[in-house]
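The structure appears right after this line, and notes come after that.
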Amino acid sequence: MRVTHLSLADFRNYESAELDLSPGANLLVGSNGQGKTNLVEALGYLSTLGSHRVSVDHAMIRAGQGAAIVRARLEHGERSILAEVQINRSSANRAQINRGAIKTRELPRYFSSVLFAPEDLALVRGEPSGRRKFLDELLVLRSPRLSGVIADYERVLKQRNSLLKSARVSGVRSSGLSTLEIWDDRLVVIGSQIIEARTALVAELLPEVDAAYTAIAGQMHSAALTNSLSVLSTSVDNDDDVDATSESYTGGIVSAEVAERHFRSALERRRRDELLRGITLVGPHRDDLVLTLNGLPARGYASHGESWSFALSLKLASAAVLRRESTTGDPVLILDDVFAELDDSRRGRLAAAVADYEQVIITAAVFDDVPPALAGHVVRIRAGRILEEGEE
Amino acid sequence: MYEGIIQELIDELGRLPGIGPKSAQRIAFHILQTETFDVTHLAEVLLEVKEKVRFCEICGNVSEQDTCNICRDPRRSATTICVVEEAKDVVAIERTREFRGLYHVLGGAISPIDGIGPDDLRIRQLLQRLADGTVTEVIIATDPNLEGEATATYLTRLLVQPGLRVTRLASGLPVGGDLEYADEVTLGRAFEGRRLVEQ
């Protein structure tokens, strides 16, 4: 799949913008603050209905305007699709495919992309929540049904936490407790589906991550992923974050049935703590994905360069997984300001790793940071204006 | 801002569910421009409805008498009770003309976030209705969302007793629709709830 044209209206600093894109590598160059990332952010939004920079949509609407419009012409083989989304400040967003209205949440199934950005470093160095989000977003791209399951889980969690909190306030013997079982049941059934889906995804990503890391770093470092599942942990301490004990680790796929069994006994084990603290202490919302290099946790042991290579490997691996299952060609790879962070040899190897994707869109502040192999179609961005090569 | 009483009317209308400030303003001006008689009639109906309508002593449905039309109707089967969340669900099921039994309105669903537990619903009254053994089937027709499902599970566990069948409404594809237009969650549920075709 590839994007042939992108149009923006009132998006970030662009009152309007028209950008032609070619198959293969496209390079958007411009100094900082000129609007390069805004262009790729818009493309990312079409594919994930979210921004990699902000969590609220209205930040993307140009100041003083009521709505932003992102429109992209997509091509796959002979098929051409016009995808459009209107981001509204005060009402629900609207989406169109070939000028016909569709449900906004169905938009991502028409366009898949994988975005690499400096923020990805947090996947390696940041909190577990970032890694859970990475897995969940990929899960939803592959199996849209799971977005409903994940939303249900979050809702059950809120309901159950409120119940635990009110039980704590009014005493453990409150009548509210009789319904705790019901919410336990929902939590276990829905949560176990998430555990199964995540562990299956991790098993699929594992060989891809190792291969991608070797390709980028240029040497074998045995990059590996391990699930840390809170339902497997037998520790009863009140550690606020994931119980990082080795018994919670598993590399294999945990089926929903097995997860349910562990989940139920973990809830039983932690019941007293849960009532004491008024929150749910086990479940996929407290799981983590442990990243290791040569058997050592990347968080804490890996150098800056190694952490970067790992973050890029995770993204490359997810692109590989999406590509394998796609019926509409490769996902579009978007590399936002990534090359500035890498040394020369890593730059060259990353370029080689993405070279055979149908379309790659790169942004950079310095032209020379980007390996020549990726400087195919060059576009210069200056103060919110898009200039083709040679134009001034 | 309008002056005194007009703004007060707009504010009051704006408190109604589904009515935003703009609609409230439109309705307020419509009322201002209508003949006095119609407004008096509306005001009377509003007062009357609050005065006359209460809840059926048996099933909790809305009624103008102590018991509702459905509970008083001798043609309705007393062996089946359909449990719903709200009185408006009764109307929805009645429209199908498929169900000839009685209803029981819970008055909501279990939702700790909103502070609603089983004791806040008309569950005790339901158990009383089942006590004499006349009822042989309870159909649980709570909403197919998280809170409705939780309520259904709670009731299912509570109602285990000999001679009583407890059933739950099916969830699946809308009739007359196209498979390709169904959303993933609905289609996924329909897959889970698939049944054997009789041969």
Side-chain angles (χ1 to χ4, degrees), chain A residues 90-91 97 100-109 139-170 174-191 193 197 256 274 278-280, chain B residues 18 20-23 83 85 106 108-124 127 140 142-160 166 168 171-174 177-194:
Chain A
S90 54
S91 57
I97 288 294
I102 58 158
K103 285 181 188 152
T104 309
R105 65 185 159 81
E106 288 178 357
L107 198 58
R109 70 171 70 160
L139 282 177
V140 171
L141 276 178
R142 298 173 68 212
S143 157
R145 184 186 71 88
L146 286 170
S147 71
V149 176
I150 292 166
D152 275 356
Y153 184 79
E154 279 160 14
R155 180 102 185 135
V156 178
L157 201 59
K158 265 194 200 151
Q159 290 282 19
R160 190 172 184 274
N161 284 344
S162 295
L163 188 62
L164 287 170
K165 233 171 246 137
S166 68
R168 186 177 60 161
V169 171
S170 58
S174 139
S175 68
L177 215 55
S178 59
T179 56
L180 189 55
E181 256 179 72
I182 304 300
W183 295 108
D184 283 0
D185 202 63
R186 298 276 108 199
L187 190 79
V188 166
V189 170
I190 298 169
Q193 290 180 44
E274 291 198 328
I279 53 166
T280 301
Chain B
K22 286 222 174 105
S23 305
V83 180
E85 290 180 21
L106 291 173
I110 297 175
S111 173
I113 292 176
D114 304 307
I116 301 174
D119 298 345
D120 304 303
L121 303 174
R122 300 181 69 259
I123 290 176
R124 197 167 34 84
L127 294 177
I140 302 176
T142 50
D143 290 342
N145 56 24
L146 208 64
E147 290 75 18
E149 293 292 351
T151 312
T153 313
Y154 182 81
L155 288 176
T156 314
R157 291 192 186 171
L158 203 64
L159 298 180
V160 179
V166 179
R168 173 96 177 100
S171 58
L173 295 170
D178 285 329
L179 206 64
E180 59 166 311
Y181 290 128
D183 69 283
E184 294 84 7
V185 180
T186 306
L187 201 51
R189 279 281 200 96
F191 257 97
E192 274 175 54
R194 69 184 182 276

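In this structure, chain B has a heavy atom under 4.5 Å from the side chain of A:Asp185, while its backbone stays farther away. Heavy atoms closer than 4.5 Å to chain B are found nowhere in A:Leu146, neither backbone nor side chain. For chain B, no part of A:Arg160 is nearby; none of its heavy atoms comes within less than 4.5 Å.
For residues 148-158 of chain A, the salt bridge (charged side-chain N to carboxylate O under 4.0 Å, His left out) pairs, not counting sequence neighbours, are A:Arg155-B:Glu147.
Residues passing the side chain to side chain contact (heavy atoms under 4.5 Å, CB included) test with B:Glu85 are B:Asp89, B:Ala109, B:Thr142, B:Asp143, sequence neighbours excluded.
Using a 4.5 Å heavy-atom threshold, the side chains of B:Ser111 and A:Gln159 count as touching.
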Side chain to side chain contact (heavy atoms under 4.5 Å, CB included) between B:Thr153 and A:Glu181: does it pass, once the steps are laid out?
-> CA-CA 10 Å; B:Thr153 313; A:Glu181 256 179 72; over 6 Å; no
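Rounding to the nearest 0.5 angstrom, the gap separating the CD1 atom in B:Ile116 from the OG1 atom in A:Thr179 is 12.0 Å.
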